[in-house]
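One-based numbering along the sequence shown.
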Amino acid sequence: MELYNLIKEIADGYAFNLQKQVDLRIAEMENDDNAHYLIYRVLGVSDKEGKLIDIYQNKGRFLYKYAGAFLEDAVFTCIKCRFPDSSKIRIPNMLGSRPKTFEIDCLVGKLAHEIKWRDATTDGDHITKEHTRVQAVKQAGYTPVRLMFYYPQRKQARRIQETLQTIYAGIGGFYYYGDAAWAYVKDFAGVDLLSMLYQIANDRG
């Protein structure tokens, strides 16, 4: 129950900050130049609908950012409760100039966890960056472990994830997604985080 309350407290903090950022952005948008609505109307989208689209586009950007940050924080908290020496560290990129360093979201002994709530990118450069990151983790003496809780829906994004799975397997790392990622947290940290999140969500009504 103590861990549940801690995860709930973390969730409350992210929910508060998300709403605060959204409210600020909507207030700012009241003073925006809406001349671009002309193009919306040309394409058959009314001013009213165009305004709602702009609001939800901005809200979506904040939501995705906070969703990812919250889940990373929650997973890290669960693992750290079982393994108090767990930490976040940065390692140098010895294979290229950009970026200069890579972050390990949760290091437990030699297991270097990367925690993603989802990854729907279709950017080809993403594969190169991730390949470099995994190689850098391996070169630093760690075993890369990727946890991604929600698999992308689009075919191109799925292909990129399949490539990343091959990269992890080829270097001796581990790649878990969807149900396997939730099961990993339950087995590794001894915490049914998924059930906790359902309870928190249901309590919000």
Is [Y] close to [X] at the side-chain level, that is, under 4.5 Å between some pair of heavy atoms?
X: Cys81; Y: Val191; result: no
X: Arg146; Y: Leu164; result: yes
X: Leu147; Y: Phe174; result: no
X: Tyr64; Y: Arg118; result: yes
X: Asp54; Y: Tyr40; result: yes
X: Trp182; Y: Leu197; result: yes
X: Val134; Y: Tyr175; result: no

Q) Taking it one step at a time, do Leu193 and Ile7 satisfy side-chain contact (heavy atoms from CB on, under 4.5 Å)? A) CA-CA 9 Å; Leu193 177 60; Ile7 298 297; 4.3 Å; yes

For [Y], is there any backbone N or O sitting under 3.5 Å from a side-chain donor or acceptor partner on [X]?
X: Lys100; Y: Asn93; result: no
X: Asp33; Y: Ala35; result: yes
X: Arg158; Y: Pro152; result: yes
X: Asn17; Y: Gly13; result: yes
X: Lys88; Y: Cys106; result: no

Q: Sequence neighbours left out, what passes ring pair (Phe, Tyr, Trp, His ring centres under 6.0 Å) with Tyr177? Give chain and number order.
A: Tyr151

Would you give the length of the straight line joining atom [atom1] of [X] to atom [atom2] of [Y], rounded to the nearest 0.5 angstrom?
X: Tyr142; Y: Lys110; atom1: OH; atom2: NZ; value: 5.5 Å
X: Lys59; Y: Arg61; atom1: NZ; atom2: CZ; value: 14.5 Å
X: Thr166; Y: Ile171; atom1: OG1; atom2: CD1; value: 13.0 Å
X: Arg159; Y: Arg154; atom1: CZ; atom2: CZ; value: 13.0 Å
X: Glu30; Y: Asn34; atom1: CD; atom2: CG; value: 8.5 Å
X: Lys138; Y: Ile91; atom1: NZ; atom2: CD1; value: 12.5 Å

For residues [X] and [Y]: do they belong to one hydrophobic cluster (side chain heavy atoms under 4.5 Å, members Ile, Leu, Val, Met, Phe, Trp, Tyr)?
X: Ile55; Y: Val45; answer: no
X: Leu24; Y: Leu18; answer: no
X: Tyr37; Y: Tyr56; answer: no
X: Ile53; Y: Met29; answer: no
X: Val145; Y: Ile104; answer: no

Q) Aromatic ring centroids of His131 and Tyr168 under 6.0 Å? A) no

Q: Kindly state each residue pair satisfying salt bridge (Lys or Arg N to Asp or Glu O under 4.0 Å) with at least one member in residues 192-205, sequence neighbours excluded.
A: Asp12-Arg204, Lys186-Asp192

**Q.** Test side-chain contact (heavy atoms from CB on, under 4.5 Å) applied to Gln199 and Tyr4, step by step
**A.** CA-CA 9 Å; Gln199 185 176 341; Tyr4 172 83; 3.6 Å; yes

**Q.** Derivation and outcome, side chain to side chain donor-acceptor pair (under 3.5 Å), residues Asp23 and Gln19
**A.** CA-CA 6 Å; Asp23 290 344; Gln19 190 60 56; 2.8 Å; yes

Which heavy atom of [X] sits nearest to which heavy atom of [Y], and what is that distance?
X: Leu3; Y: Cys78; result: CD2-SG, 4.3 Å
X: Leu95; Y: Ala136; result: CD1-N, 3.8 Å
X: Thr143; Y: Gly173; result: CG2-CA, 4.2 Å
X: Ser86; Y: Val108; result: OG-CG2, 3.4 Å

Q: Verify the neighbour count for atom NZ of Lys51: are there more than 12 heavy atoms of other residues, nucleotides or ligands below 6.0 Å?
A: no

Q. Around Glu28, counting heavy atoms of other residues, nucleotides and ligands shown, do more than 12 lie under 6.0 Å from its CD?
A. yes

Q: Kindly indicate, with the supporting measurements, whether the criterion side chain to side chain donor-acceptor pair (under 3.5 Å) is fulfilled by His113 and Tyr184.
A: CA-CA 11 Å; His113 298 85; Tyr184 180 90; 2.7 Å; yes

**Q.** Test side-chain contact (heavy atoms from CB on, under 4.5 Å) applied to Arg25 and Gln21, step by step
**A.** CA-CA 6 Å; Arg25 178 55 55 87; Gln21 288 292 333; over 6 Å; no

Q) Can Glu130 and Arg133 be said to form a salt bridge (Lys or Arg N to Asp or Glu O under 4.0 Å), step by step? A) CA-CA 5 Å; Glu130 279 298 311; Arg133 194 193 74 80; 3.5 Å; yes

Q: Tell me, with the steps shown, if Arg41 and Glu49 meet salt bridge (Lys or Arg N to Asp or Glu O under 4.0 Å).
A: CA-CA 10 Å; Arg41 296 205 317 272; Glu49 188 178 6; over 6 Å; no

Q) For residues 73-111, which residue pairs qualify under ring pair (Phe, Tyr, Trp, His ring centres under 6.0 Å), counting only residues two or more places apart or in two chains? A) Phe83-Phe188

Q: Decide yes or no on side-chain contact (heavy atoms from CB on, under 4.5 Å) for Phe149 and Leu194, but give the supporting numbers first.
A: CA-CA 10 Å; Phe149 295 86; Leu194 183 59; over 6 Å; no

